*Asks:* 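Below you will find the structure I want to go over with you.
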2 protein chains.
Amino acid sequence: MVTIHDVARAAGVSPATVSRVFNGGNVTPARAHSVQQAAAALGFAPNRVARSLRKQRSSVIGLVIPDIGNPFFTSLARGVEDAAQRTSLSVVLCNSDEDTDKERRYLEVALGEQMAGVIVAAASRDRTDLGPLIERGIPVVAVDRRPHEADVDAVMVDNHHGGEVATRHLLKSGYRRIACITGPEGASTSEERLAGYRAALRTAGHRPESADARAHVRHADFRVEGGRLAMRELLAMPEPPDAVFVANNLMTIGVLEALREAGQEPPDLGVLSFGDIPWASLVRPSLTTVELPSYELGRTAAELLLQRMSGGSSALQTVVLRTTLHARESTAGPRG
Amino acid sequence: MVTIHDVARAAGVSPATVSRVFNGGNVTPARAHSVQQAAAALGFAPNRVARSLRKQRSSVIGLVIPDIGNPFFTSLARGVEDAAQRTSLSVVLCNSDEDTDKERRYLEVALGEQMAGVIVAAASRDRTDLGPLIERGIPVVAVDRRPHEADVDAVMVDNHHGGEVATRHLLKSGYRRIACITGPEGASTSEERLAGYRAALRTAGHRPESADARAHVRHADFRVEGGRLAMRELLAMPEPPDAVFVANNLMTIGVLEALREAGQEPPDLGVLSFGDIPWASLVRPSLTTVELPSYELGRTAAELLLQRMSGGSSALQTVVLRTTLHARESTAGPRG
DNA sequence: CACCCTGCTGAAATCCTTTTCACGACGGGT
DNA sequence: ACCCGTCGTGAAAAGGATTTCAGCAGGGTG
């Protein structure tokens, strides 16, 4: 391997000078030039590991997401990358697969590799431990999901508002027995969307706390299969719902499949998805969605991280982004 | 930061012994135990950067993919992760976005960070330079796309065979003017699939080299938009095709959208997709696809990499995996 | 002319771990 | 009883960069 010493020898200067040339220290132009030449001739590439060891900080930022198969997170990742693009930092993705063990390992890697910063969409609210990173002074930004009592900057979606708008839309379309399939209990996103749903029902004079209404709420796992099973259960009820608010995109796929199985079709049974389904344009009837600002979420998180890295020890920030309702055919109203 | 020295002092041994405890050297059980205790008490976590510097090798493997938004690659990534899971290595993803500059930067990171190994689906055949990695002795495995004259292990799809089977299927279904929308010129996957398509036509007595037949071949960019544009062009021809073989999943989305725009629908105009569309189950008529072994591709690549890392300086291997045709409604045959 | 300040440079320390080397102790074979 | 091999251990070197510190030269000021 060609090191800074080799370059120094070739250019007739000290290693310190070579380092200064590459890191913007004070060096005579002539000398700098000969160092550049020597480096090019030898094909010198700085050893990032040695640099990280000395600087106590590497030049990659880690993005930990819970499901690489979910287009929401890949879009978010794009946002992060595009923002980081303009700096000298590289983004590496870590897929925790909603598994807190895998996530813990990745957070250990981030810590051990002394990453410049970490953006994390937590796999769990209480078992995601950002403490060690924070103690080590590594900037951390939480995105989409807020981990329990961690003092970090955060970029969130206004889930409550989104859930409320969605449910209000279903009510306005004439649906009366509106079910909700939300995510795992304990996940902030699940709970907030559910709370929004209940708030809208309450405002409309329903009583979402009644046993009857509670039976229309299902907790699933944010995956296709979970959505399918939950919908099957709802359809098997003595008085099945006439519409369903599905709290994430993948579960909506499962819901639509379950409906097709059962010979039901929107908008007779209204379906509203919280979060886009990629290429939903091909599905007929077209799907009403609450669109999430996934890309902006990522971009904003990265900007917050960069800002925090460049030193401002200002107060912690939480940015909340709004959703947008796209009304389409799947919620046109019950028969007639 | 608590270092190996702190642990050593606390346990009353030398740093070397602490290192041996964590790396499986010869240490008296009693001593080992007291080191473990001290480490736990102090919350010691080894500094991976220092370790990498000394060992000249880190413990992460890099996976460079050209499009994180393409489910084919995310599924491949899962395969890699699952295989790596059983080792102490962590996988980090790098999204090159089909951009050779971004890709080059990521390869530099892999080199500079002294990654334990790299799996790469090359963004370009000729401008993807794996040389420096190989020279440094970092094991590299090419997956899905073979970079030009690089001496690396590889895991590929039998694209030629897949293209041939696909086209033969269209012919058997009664289509006669079969177009092909393939990827960028120069990409191995594009060319091989196209060659398979042509081989099938030739066998059936067509003359794919004729000007007429050549006009039915379009090169696009493997993205939704490219597929849409190519299909629009094909539909605008004086004698438009009665079926189309689309060489990747995302372009098929665009093709279906273009058809819908033009008021056409499969199977009157047959559509066959090379590669799955996630949740295609929701699309009617259901889509005939050539299914790619994406997950297995990733898993096999990781296994090859691990094998290479564990020292066997055996001959280079290229593993080729076959595709599977799933005939569905979209190629049921032209009207009637 | 004396002094100080600035700008450039190189030697050496530093970051933290792994690994080599040397050494002492101990057990077994002759 | 002697020697050899093995095992466990610690001191110290190595890995490659950054950064501090001190020194030196040159220009500007009083």
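Order of the sequence lines fixes the chain letters, A, B, ..., with proteins taken first and strands second; residue numbering starts at 1 for each chain. Note that this is a predicted model, so its numbers are computed, not measured.
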*Asks:* Considering only distance and modelled atom types, tabulate donor-acceptor pairs under 3.5 Å from the side chains of residues 59-69 of chain B, sequence neighbours left out.
*Replies:*
residue: B/Ser59; atom: OG; partner: B/Arg48; partner atom: NH2; Å: 2.9
residue: B/Asp67; atom: OD1; partner: A/Arg78; partner atom: NH2; Å: 3.0
residue: B/Asp67; atom: OD1; partner: B/Gly69; partner atom: N; Å: 2.8

*Asks:* Across the strands shown, which category fits A/Val27 at heavy-atom distances under 4.0 angstrom: base, sugar-phosphate, nothing?
*Replies:*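 The answer is sugar-phosphate, as A/Val27 gets under 4.0 Å only of primed atoms, P, OP1 or OP2.
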
*Asks:* Considering the terminal five base pairs at each end of the helix from C/dC1-D/dG30 to C/dT30-D/dA1, what angle separates the two local helix axes, rounded to 10°?
*Replies:* 50°

*Asks:* Identify whether any heavy atom of A/Val13 sits under 4.0 Å from a base atom; if not, whether one sits that close to sugar-phosphate; answer base, sugar-phosphate or nothing.
*Replies:* sugar-phosphate

*Asks:* In whole angstrom, give the distance that lies between atom CZ of A/Arg20 and atom C1' of D/dA17.
*Replies:*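 Roughly 13 Å, once rounded to whole Å.
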
*Asks:* Give the intermediate values and the outcome of side chain to side chain donor-acceptor pair (under 3.5 Å) for residues A/Arg105 and A/Ser96.
*Replies:* CA-CA 9 Å; A/Arg105 267 204 299 284; A/Ser96 71; over 6 Å; no

*Asks:* Under 3.5 Å, which N/O atoms of the protein pair with N/O atoms of nucleotides 15-17 of chain C?
*Replies:*
residue: C/dT17; atom: OP1; partner: B/Asn47; partner atom: N; Å: 3.2
residue: C/dT17; atom: OP2; partner: B/Ile4; partner atom: N; Å: 2.5

*Asks:* Nearest 0.5 angstrom please: A/Ile138 CD1 to A/Arg57 CZ, how far?
*Replies:*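 With rounding to 0.5 Å, CD1 (A/Ile138) is 5.0 Å from CZ (A/Arg57).
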
*Asks:* If you compare every side-chain N and O of B/Thr17 against the phosphate oxygens of D/dG10 (OP1, OP2), does one of them come in below 4.0 Å?
*Replies:*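 For D/dG10, OP1 or OP2 has a side-chain N or O of B/Thr17 closer than 4.0 Å.
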
*Asks:* Are any of A/Ser14's side-chain N or O atoms less than 4.0 Å away from OP1 or OP2 of C/dT9?
*Replies:*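 No, no such contact exists.
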
*Asks:* Tell me, which pairs form a ring-ring contact (aromatic ring centres under 6.0 Å, His included) where one or both residues lie in residues 23-47 of chain B, sequence neighbours left out?
*Replies:*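 Applying ring-ring contact (aromatic ring centres under 6.0 Å, His included) to every pair that reaches into residues 23-47 of chain B, excluding sequence neighbours, yields B/Phe22-B/Phe44.
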
*Asks:* Atom CZ of B/Arg57 and atom C1' of D/dG16: how far apart are they, to the nearest Å?
*Replies:* 16 Å

*Asks:* For the residue pair B/Thr128 and B/Glu103, confirm or rule out a side-chain donor-acceptor distance under 3.5 Å.
*Replies:*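 The criterion, which ignores hydrogens and geometry beyond distance, is satisfied for B/Glu103 and B/Thr128.
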
*Asks:* For residues 17-43 of chain A, which residue pairs pass the salt bridge (Lys or Arg N to Asp or Glu O under 4.0 Å) check, not counting sequence neighbours?
*Replies:*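 The answer is none; no pair qualifies.
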
*Asks:* Examine the side chains of A/Ser190 and A/Glu185 and answer whether a donor and an acceptor come within less than 3.5 Å of each other.
*Replies:*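 No.
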
*Asks:* Want to settle it: does A/Ala16 or B/Gly12 sit nearer the 5' end of DNA chain D, counting the closest nucleotide to each?
*Replies:* B/Gly12

*Asks:* Using atom types as modelled, flag every donor-acceptor pair under 3.5 Å from a side chain in residues 5-12 of chain A to any protein atom, sequence neighbours excluded.
*Replies:*
residue: A/Asp6; atom: OD1; partner: A/Arg9; partner atom: NH2; Å: 3.3
residue: A/Asp6; atom: OD2; partner: A/Thr3; partner atom: N; Å: 2.8

*Asks:* We want to know whether B/Gln114 and A/Asn47 form a side-chain donor-acceptor pair, criterion being a heavy-atom distance below 3.5 angstrom.
*Replies:* yes

*Asks:* Quickly work out the A/Asn26 CG to D/dT18 P distance and round it to whole Å.
*Replies:*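 Between P of D/dT18 and CG of A/Asn26: 16 Å.
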
*Asks:* Please confirm whether the shortest side-chain N or O distance from A/Ser52 to OP1 or OP2 of D/dA17 is below 4.0 Å.
*Replies:* no

